[in-house]
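Below is one structure; the comments refer to it alone.
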Amino acid sequence: MPRFSAAAPGSGRETRRGVDAARGLWQGKGQQRKPKMNLFADMRVAVIAALDEMVAGGTLPAGLDTANVTVEPPRDPLHGDMATNAAMVLAKPAGLKPRDIAEELAAKLSADPRITLAEVAGPGFLNLRLDPAVWADVTRAALAAGNDYGRSDLGHGIKVNVEFVSANPTGPMHVGHTRGAVFGDALASLLDFAGYDVTREYYINDGGAQVNVLARSAFERYREANGLEPEIREGLYPGDYLIPVGEALKAKYGDSLLNQPESVWLDDVREFATAAMMQMIRDDLALLNVTMDVYSSEKALYGTGKIEDALGRLESLGLIYEGVLEPPKGKLPEDWEEREQTLFRSTSFGDDVDRPVKKSDGSWTYFAPDIAYHYDKIERGFDQLIDVFGADHGGYVKRMKAAVAALSNNRVPLDIKLIQLVRLFKNGEPFKMSKRAGTFVTLRDVVEQAGADVTRFHMLTRKNDAALDFDFDKVLEQSKDNPVFYVQYAHARVASVLRKAAEAGIDVSPEALAKADLSGNTHEAELALVKKIAEWPRLVEIAARANEPHRVAFFLYEIASDLHALWNRGNEEPGLRFVQDDSDISAAKIALAKACAVVISAGLGILGVKPAEEMR
RNA sequence: GGUCCCAUAGCUCAGCUGGAUAGAGCGCUACCCUCCGAAGGUAGAGGCCACACGUUCGAAUCGUGUUGGGACCGCCA
């Protein structure tokens, strides 16, 4: 039975810092680790160094801003292995022609042993072709780093708080929460991988009217447990999930509460029921392999002066006043009348109207504890905040950002990611969710049918602000039309190769693969794969900068596609197969395959999906 | 009325702090399995990136406006 107490005494918070050392490799608090080889970042360093030489040599003026200089893979492979826009970006501020800059830059870069050809193209692009030895280095770097390949120090260990799920503790989690949970958890892992110090946090809305409704609903189930007819009135929560809570209440209180007025039992029953709901939510999250670092309680903000502190700070900044809001334009609410309220001057920070923090009866609005909670996060020293909300909370984005900007004196950026809805399908038919009809699809329903791995991957195959279709049949389909299967299959194929090679007496130990002569991996299908492997560290940084974990899922699909393509080529060209009679050649091919598997494994790790060793 | 999100191939969607001839899957068309790696493979067709103007050496990407779709909009949380 429920053991969870929403508020740890005195703090309003439960943490699990320091007890999570057992996380998987990729989820270790990694900001102290050294970043691994990032070919594109390395080459950019070389380009900037060459530009510095040109400044020293007098070709370029000093003090140029190189922030917009990029080194990236060209869309067309005919353009070489990498391209830089340096000449075009710098032409105007330097007062020179792009091609002139590019020509000299090309001459300087040609001295780099990694670069075999640097040629000017188009309006001033500089296309670079790399020495094949570079690709061998990439393969070896991936093998050596394993699941840490692609780790970055982009975040420099700064403290980021990712608040997600934060479902009301009034019932089980449904599919919408599931997507938010997967997104938030994957984003947190991604940021950790990119060198941020990440805290996963859940805000428990246990301070509002809805937990009183929960208490009254649970009380009816308590009466039911005592043999009375429950009266689930309109507005109460009718779900069966409260029946065991009623029974637990009976076990604790016997029949002693039955004839008592609400004022006697409300607080106790509310606390009991809330704790039970939070335990259920924790269990649901555990099914999805989501573990929070911190649970913070809204209720614990009341009566401790925290709300008053936060609003007092706003007041000292002259951002709180008593006033009357204009009625909203267009359709007027039925019961609209002018009222004086306590308002936060959020318009000073880009909001459209000022927002009430106190109701006309003097009690706090929902916004007030939210302000206090975010103030608390700022005070705990976070450098960056991320909130993951359902798309229906879009209206709160501006006011929340305004509050954080005001309270942190613009020091702490707040990014709010809105999660669009999930549309459920079964056999291609829309699957209507309805609490009344009992077809209420919970997180548990989804995970029990589809499994945590499939659910997690599929939920990340769409951008967070795009609606997502979830078809129970399609996500379980074992075909290349299913991205989950496709990526897992690629990893399993490599695992299969390693097993087969070992059976054939080939040494596939890490040491042997590290020593393999990779200079023979020159087929275009092999080069396509190794170039994709080289791109992985860059993709991690792009995804982390945008707070968009779905990019990882798409990248994994692409690299899996490259592996499958190479595999298929082996059907027609036996020389491309991984397992060969010549054990030296075989080791080289297998090293490449293994490096690919390493990237898939690391990427799946960020998404929270276990890589498959075999498909069954 | 206002705010936010969205608009890319027939369909579902990617598209990098702006970069070269805009990509993938499905569907469609044509080829390809006696066997050695087909829970398939190869190739192809398919686009006014909603529209207009602007910024820029360069715009699907940034800005303004228009059209169409969705979400939200003071004592609900």
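Lettering follows sequence order; numbering is per chain, from 1.
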- [ ] Report the secondary structure of RNA chain B in dot-bracket form, marking unpaired bases with a dot and bases paired to a different strand with |, and treating Watson-Crick or G-U pairs with both distances under 3.5 Å as paired.
- [x] (((((((..((((.....[...)))).(((((.......))))).....(((((..]....))))))))))))....
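Taking atom P in both B:rG40 and B:rC73, the straight-line distance is 47 Å, to the nearest Å.
A stacked arrangement is assigned to A:Phe125 and the six-membered base ring of B:rA20, with a centre-to-centre distance below 5.5 Å and an interplanar angle below 30°.
Taking 3.5 Å as the limit, the base of B:rA39 and the side chain of A:Tyr489 contain a donor-acceptor pair of atoms between them. For A:Arg545 against B:rC16, no side-chain N or O and base N or O form a donor-acceptor pair under 3.5 Å. In this model, no side-chain donor or acceptor of A:Asn568 finds a partner on the base of B:rA38 within 3.5 Å.
Taking the six-membered ring for Trp, A:Phe472 and A:Phe470 have ring centres closer than 6.0 Å. Between A:Phe183 and A:Phe164, a ring centre-to-centre spacing not shorter than 6.0 Å is recorded.
As judged by a 4.0 angstrom heavy-atom cut-off over every strand, A:Phe389 is placed among residues making no nucleic acid contact. The residue A:Asp465 sits close only to the backbone: its heavy atoms come under 4.0 Å of sugar-phosphate atoms, none of a base. Residue contacts shown for A:Gln478 include a base, since a base heavy atom lies under 4.0 Å away.
Cation-pi geometry between A:Arg493 and A:Tyr489 is met: under 6.0 angstrom from the ring centre, within 45 degrees of the axis. Geometric assessment of A:Lys359 against the ring of A:Trp364 yields a negative cation-pi assignment under the 6.0 Å and 45° thresholds.
For B:rA38, neither phosphate oxygen OP1 nor OP2 lies less than 4.0 angstrom from any side-chain nitrogen or oxygen of A:His564. Distances shown here put every side-chain N or O of A:Lys398 at or beyond 4.0 Å from the OP1 or OP2 atom of B:rC72. Residue A:Lys92 places at least one side-chain N or O closer than 4.0 Å to OP1 or OP2 of B:rC57.
Between A:Phe344 and A:Phe367, the angle of the ring planes lies from 30° to 60°, which puts this pair in the tilted group.
Within 6.0 Å of the CG atom in A:Asp361, the count of heavy atoms belonging to other residues, nucleotides or ligands exceeds 12.
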